[in-house]
**Student:** 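Would you mind keeping the following structure in view while I ask a few things?
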Amino acid sequence: MIIRTFHPWNVSYQQAVTIQEELRNRIVLDLPFPTPNYVAGVDVSTSKTLSIGWAAVVVLSFPELRVVEQRWAEGTITFPYIPGLLSFREIPLVCKAIEQLSIEPDVFLCDGQGLAHPRRMGIATHLGVIINKPTVGCAKSRLIGTHEEVGSKKGAYTPLMDKKEVIGAVLRTRQGVKPVFVSPGYGISLKVARTLVLSCVTKYRIPEPIRAAHNLVTLLRNSREAGQNHTLYSCS
DNA sequence: GCGACAG
DNA sequence: ATCTTGTCGC
C-alpha cells in the first residue's frame, strides 16, 4: 500500500494538538463500504526498557477470518504515551508495516479509540485520514464519554456519549467479560463499525484481526528481549 | 486546583 | 503499554 504522510511526527505536545484540530476537518464517515473481503488488524508493542517498538498488521479474509497476509516493522519509539496523543506514538511505526502490504484491506481495526476522543482524533481516525481507508477503533477501555450499563449477552451494546453526542458504542463481545469500546475511525458509520467488530469476534473478547496483530507483536518483542530472561533462568 | 486518562 | 503467580470460575 502507498502511504503519503502530510504532517510531521516529531512535534511538541501543543503542535500535536493543533494537528489533531486541523485533521478533524478532514474526517469523512460515508465512504463506500460494501461487505469487506479483507479485514486488517493493527497493533503495537513497546520495549519495557529500550525506546523501541514493533508494529504489526495482519490481514484476515472475511467472513472466514483466516490470516492471508501479515507484515511487521521494528523501530524507535520517540513520542511518550500521553492520553489523547497515542497516534503520535504509534502511527509512524504502523505505517512502516502497512506500507509492505501487497493486499489492500477493505477496513483496518485498530487497538484504540476512533471518534471517541476529546478532539475526535483517536488513533483509528488519525490512521484513516492518513491512508484514506475505512478504519474502526476498538479499545479495551474508555478514554472519554459516559454510558449506561451494558447488557450481559454477547452482542449487547449501549451508546457512548460525550455530552449529547454519540461518539461510540460499548459492546459486549463475550458473556462474562468487560465490554469493548467501539467507535468509527474513518469512512464508516458507528452501526457498521459495531456490527463489523462483532462479526470479527469468535470465542474471545478481542476481535480476531486485532488479536492476530497483538499475538504477532508480542512474539516479536519476546524473541527480541528473550536475552535477559534466559540469563536469569540460567543462573539457577 | 483536582481527578481522569486509549496504549 | 509493562511487571508478575497463582488462582477462581465457566
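For the numbers below, each heavy atom of this structure counts, side chains included, while hydrogens, waters and symmetry mates do not. Letters go in sequence order (proteins before strands), and every chain restarts at 1.
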**Student:** Under 6.0 Å from the CG atom of A:Asn25, do we count more than 12 heavy atoms belonging to anything else shown?
**Tutor:**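 Result for CG/A:Asn25: enclosed.
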**Student:** Taking salt bridge (charged side-chain N to carboxylate O under 4.0 Å, His left out) as the definition, give me every residue that meets it alongside A:Glu22, ordered by chain and number, with sequence neighbours left out.
**Tutor:** none
**Student:** For A:Lys96, give me all partners under salt bridge (charged side-chain N to carboxylate O under 4.0 Å, His left out), at least two apart in sequence or on another chain.
**Tutor:** none
**Student:** Salt bridge or not between A:Arg24 and A:Glu21? Use side-chain N to carboxylate O under 4.0 Å.
**Tutor:** no
**Student:** Can you run through DNA chain B from 5' to 3' and write each base as (, ), [, ], | or . depending on how it pairs? Watson-Crick or G-U wobble, both distances under 3.5 Å.
**Tutor:** .......
**Student:** How would you list, by chain and number, every residue that makes a side chain to side chain donor-acceptor pair (under 3.5 Å) with A:Ser61, sequence neighbours excluded?
**Tutor:**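 Result, side chain to side chain donor-acceptor pair (under 3.5 Å) vs A:Ser61: A:Glu64.
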**Student:** Please tell me whether A:Trp9 and A:Phe88 form a close aromatic pair, meaning their ring centres lie under 6.0 Å apart.
**Tutor:**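 Yes - the distance between ring centres of A:Trp9 and A:Phe88 falls below the 6.0 Å cut-off.
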**Student:** Among residues 156-189 of chain A, which residues get a heavy atom nearer than 4.0 Å to DNA chain B?
**Tutor:** none
**Student:** Would you say the side chains of A:Thr158 and A:Glu149 form a donor-acceptor pair under 3.5 Å?
**Tutor:**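 The answer is no; no qualifying pair exists.
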**Student:** Find the distance A:Arg224:CZ to C:dT2:C1' and express it as a whole number of Å.
**Tutor:**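 About 18 Å, once rounded to whole Å.
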**Student:** Between A:Tyr204 and A:Arg174, is there a cation-pi geometry (under 6.0 Å to ring centre, at most 45° from the normal)?
**Tutor:** no
**Student:** Could you pull out all residues at least two apart from A:Lys140 that satisfy salt bridge (charged side-chain N to carboxylate O under 4.0 Å, His left out)?
**Tutor:** A:Asp111
**Student:** Mind checking what makes ring pair (Phe, Tyr, Trp, His ring centres under 6.0 Å) contact with A:Tyr186, not counting sequence neighbours?
**Tutor:**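 Result, ring pair (Phe, Tyr, Trp, His ring centres under 6.0 Å) vs A:Tyr186: none returned.
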**Student:** Checking A:Arg194 against A:Tyr157: charged group under 6.0 Å from the ring centre and within 45 degrees of the axis?
**Tutor:**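 Pair A:Arg194/A:Tyr157 counts as cation-pi.
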**Student:** For the residue pair A:His7 and A:His126, categorise the inter-ring angle as parallel (less than 30°), tilted (30 to 60°) or perpendicular (more than 60°).
**Tutor:**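 Taking A:His126 first and then A:His7, their aromatic rings sit tilted (interplane angle of 30° to 60°).
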**Student:** Using a 4.0 Å heavy-atom cut-off across all strands, classify A:Ser47 as base, sugar-phosphate, or nothing.
**Tutor:** nothing
**Student:** Suppose we screen for salt bridge (charged side-chain N to carboxylate O under 4.0 Å, His left out). Which residues come up paired with A:Glu99, at least two apart in sequence or across chains?
**Tutor:** none
**Student:** What I want to find out is whether A:Glu208 reaches A:Arg66 closely enough, with some N-O distance under 4.0 Å, to be called a salt bridge.
**Tutor:**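 No, this pair does not count.
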**Student:** By a strict heavy-atom criterion of less than 4.0 Å, which residues belonging to residues 198-221 of chain A are in contact with DNA chain C?
**Tutor:** A:His214, A:Arg221
**Student:** What string of B, S and - do you get for nucleotides 1-7 of chain B, 5' to 3', if B is base contact, S is sugar-phosphate-only contact and - is no contact with any protein heavy atom under 4.0 Å?
**Tutor:** ---SBBB
**Student:** What is the per-nucleotide protein-contact pattern of nucleotides 5-10 of chain C, from the 5' end, where B denotes a base atom under 4.0 Å from a protein heavy atom, S denotes such proximity for sugar-phosphate atoms only, and - denotes neither?
**Tutor:** ------
**Student:** Check whether any side-chain N or O of A:Asp43 sits under 3.5 Å from a backbone N or O of A:Ile210 as a donor-acceptor pair, and report yes or no.
**Tutor:**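 No, because the side chain of A:Asp43 does not come within donor-acceptor range (under 3.5 Å) of the backbone of A:Ile210.
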**Student:** With pairs defined as Watson-Crick or G-U wobble and both distances under 3.5 angstrom, please note down DNA chain C as a dot-bracket string, | for pairing with another strand.
**Tutor:** ..........
**Student:** Counting N and O atoms only, with roles assigned by atom type, does the side chain of A:Arg119 sit under 3.5 Å from a partner on the main chain of A:Gln20, one being a donor and the other an acceptor?
**Tutor:**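 No, because the side chain of A:Arg119 does not come within donor-acceptor range (under 3.5 Å) of the backbone of A:Gln20.
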**Student:** Counting distance only, does the side-chain N/O of A:Arg205 pair as donor-acceptor with the main-chain N or O of A:Lys178 below 3.5 Å?
**Tutor:**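 Yes, the answer is positive, given that a donor and an acceptor are paired below the 3.5 Å cut-off.
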